[in-house]
Protein chains: 2
Amino acid sequence: MRGRGGRQLGGARYGQLAQQLSRMIEPSVLYLLATGAAGHGYQLAEQANQLGLAETIVEPAAVYRCLRGLEADGCVVSAWDTAGSGPARRVYQLTEAGRQRLAGWVAVINQRAQRLANFVKLCGELGIAPTFFEQ
Amino acid sequence: MRGRGGRQLGGARYGQLAQQLSRMIEPSVLYLLATGAAGHGYQLAEQANQLGLAETIVEPAAVYRCLRGLEADGCVVSAWDTAGSGPARRVYQLTEAGRQRLAGWVAVINQRAQRLANFVKLCGELGIAPTFFEQ
DNA sequence: ATCACCTATGTGTTAATTGCACATATAGTA
DNA sequence: TACTATATGTGCAATTAACACATAGGTGAT
């Protein structure tokens with residue numbers, strides 16, 4: 001860290017839960033683990049795509065990195081599953097800390113949803129209707 | 001030095017209107033120009049903070065960069081205003097292209113708001129209530 | 001058996017974003 | 001003179017994230 005004033009932050013960051021803000025991979029993963037819909041990375045990526053919170057194609061690579069970060073924070077624990085066919089799966093389980101993290105995300109996302117909805121309303125009052133693109 | 005219009009992707013990007021996704025500076029600026037609430041960068045930054053769409057403190061530096069990008073795309077036009085006291089202001093005006101850009105943003109933001117609200121609902125059904133943090 | 005393919009987990013590279021520090025300038029005030 | 005507020009801008013480094021690549025087990029086709 002050689003920032004000019006002992007600074008350690010660079011890009012987007014504005015709170016405890018601001019990471020992966022746009023991609024929404026972390027809340028997707030936490031939710032899927034909470035439901036029990038999926039347990040390992042590859043499957044979580046597939047389910048996250050069906051959940052559709054991320055707006056983008058959720059790639060396994062991003063999910064793996066997210067899971068390792070969550071594990072480092074104690075939000076999930078993992079174990080190898082060598083049973084069944086195909087390569088071994090690293091199966092993840094949500095911890096209590098992970099459940100709290102998800103609850104925090106829900107608060108952030110709830111506020112954001114309201115802010116965004118309010119903006120749409122303000123624009124509507126200005127006579128600006130949403131334009132849906134075909135590209 | 002390639003301009004903003006021809007930039008290639010590396011980071012977050014998933015559509016034509018996905019830039020500055022997390023900060024929401026571009027839609028804030030376009031909206032404020034549409035209402036006529038502000039006309040130059042410094043003032044736009046102040047008004048954007050009151051609008052509160054960005055969730056962060058909107059810094060003038062980010063607004064200036066945003067405005068130059070918008071001008072390169074033909075969404076705004078600018079002119080120097082040397083009247084009045086203090087340093088000269090670069091006053092921006094929204095173009096028809098800018099209005100369309102805002103309408104596109106409204107569509108994106110509207111969809112996002114619904115997705116986020118749905119996620120909050122799903123979590124509520126799981127018994128996960130939002131946790132509000134004190135900061 | 002070899003190949004192609006799917007599943008599954010990871011790393012490397014590189015472009016884009018952005019907060020903060022810094023630079024510059026005008027005008028009013030102490 | 002010095003300081004403050006307004007106003008516009010640049011430079012840099014931390015962070016993010018898409019895409020490519022690497023590795024490996026298992027299955028079915030040629």
Side-chain angles (χ1 to χ4, degrees), chain A residues 1-15 18-26 28-29 38-49 54-69 71 78-92, chain B residues 1-15 18-26 28-29 38-49 54-69 71 78-92:
Chain A
M1 59 100 124
R2 43 209 45 98
R4 268 174 247 231
R7 154 171 73 88
Q8 50 183 358
L9 303 177
R13 168 65 125 113
Y14 51 81
Q19 291 98 329
Q20 285 129 321
L21 177 127
S22 55
R23 308 277 283 83
M24 291 281 154
I25 289 178
E26 188 175 298
S28 298
V29 163
H40 64 275
Y42 194 86
Q43 197 184 12
L44 283 162
E46 287 184 327
Q47 299 282 342
N49 280 309
E55 297 184 34
T56 20
I57 292 166
V58 176
E59 294 180 31
V63 173
Y64 295 135
R65 281 194 247 244
C66 174
L67 284 166
R68 262 171 289 143
E71 186 154 38
S78 70
W80 285 100
D81 174 17
T82 51
S85 72
R89 290 158 292 283
R90 182 173 277 192
V91 180
Y92 288 88
Chain B
M1 82 175 57
R2 79 157 81 78
R4 191 168 198 253
R7 81 172 148 218
Q8 287 305 322
L9 39 140
R13 202 316 197 162
Y14 49 80
Q19 292 98 330
Q20 283 126 324
L21 178 127
S22 54
R23 308 278 287 88
M24 292 279 155
I25 289 179
E26 188 175 298
S28 298
V29 163
H40 64 276
Y42 194 85
Q43 197 183 13
L44 284 161
E46 287 184 326
Q47 298 283 339
N49 279 309
E55 296 184 34
T56 21
I57 291 167
V58 176
E59 293 179 32
V63 173
Y64 295 135
R65 280 194 248 245
C66 175
L67 284 166
R68 263 172 289 145
E71 186 155 36
S78 68
W80 284 100
D81 174 18
T82 51
S85 73
R89 290 158 294 282
R90 181 173 276 193
V91 180
Y92 289 88

Between [N] ([atom2]) and [X] ([atom1]): distance, integer Å:
| X | N | atom1 | atom2 | value |
| --- | --- | --- | --- | --- |
| I57(B) | dC20(C) | CD1 | C1' | 12 Å |
| R65(B) | dA7(D) | CZ | P | 20 Å |
| E26(A) | dA17(D) | CD | P | 11 Å |
| E46(B) | dA7(D) | CD | P | 7 Å |
| D81(B) | dA7(D) | CG | C1' | 12 Å |
| H40(A) | dA8(C) | NE2 | C1' | 7 Å |
| I25(B) | dT18(C) | CD1 | P | 7 Å |
| E55(A) | dT16(D) | CD | P | 19 Å |

* Hey, which sits more toward the 5' end of DNA chain C by its nearest nucleotide, Y42(A) or A61(B)? =>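 The answer here is Y42(A).
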Does a side-chain N or O from [X] land closer than 4.0 Å to OP1 or OP2 of [N], or not?
| X | N | answer |
| --- | --- | --- |
| R90(B) | dT8(D) | no |
| R68(A) | dT9(C) | no |
| Y64(A) | dG10(C) | no |

* Asked: Is a side-chain donor or acceptor of T56(B) paired with a backbone partner of A54(B) at a separation under 3.5 angstrom?
  ->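 Yes, the answer is positive, given that a donor and an acceptor are paired below the 3.5 Å cut-off.
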* To do: Answer yes or no: is there a donor N or O on one side and an acceptor on the other, between the side chain of E26(A) and the main chain of C66(A), under 3.5 Å?
  =>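 Not confirmed, E26(A) side chain does not pair with C66(A) backbone.
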* Asked: Nearest heavy-atom pair of A48(B) and S28(B): which atoms, and what distance?
  ->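 Reported closest heavy-atom pair: CB-CB, 4.2 Å.
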* Which atom pair, heavy atoms only, marks the closest approach of N49(B) to I57(B)? ->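 Of all heavy-atom pairs spanning N49(B) and I57(B), the closest is OD1-CA, 3.4 Å.
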* Look at all strands and tell whether E59(A) reaches a base, only sugar-phosphate, or nothing, counting heavy atoms closer than 4.0 Å. =>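 Contact class for E59(A): base.
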* **T56(A), nearest nucleotide to its side chain (from dG10(C), dA8(C), dA18(D))** =>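 When the side chain of T56(A) is considered, dA18(D) is the closest of dG10(C), dA8(C), dA18(D).
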* To do: With rounding to the nearest 0.5 Å, note down the distance linking CH2 in W80(A) to CZ in R89(A).
  =>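 One gets 10.0 Å once the value is rounded to the nearest 0.5 Å.
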* Asked: With the sugar-phosphate defined as primed atoms, P, OP1 and OP2, and the base as all remaining atoms, what B/S/- string results for nucleotides 23-30 of chain C, 5' to 3', for protein heavy atoms under 4.0 Å?
  -> --BBS---
* Could you pull out all residues at least two apart from Q43(A) that satisfy side-chain hydrogen bond (donor to acceptor under 3.5 Å, both in side chains)? =>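 Once residues adjacent in sequence are excluded, the partners of Q43(A) under the side-chain hydrogen bond (donor to acceptor under 3.5 Å, both in side chains) criterion are H40(A).
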* Side-chain contact test, heavy atoms from C-beta onward, threshold under 4.5 Å: evaluate it for R90(B) versus Y64(B) and give yes or no. =>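 They are not in contact (no side-chain heavy atoms under 4.5 Å apart), so the answer is no.
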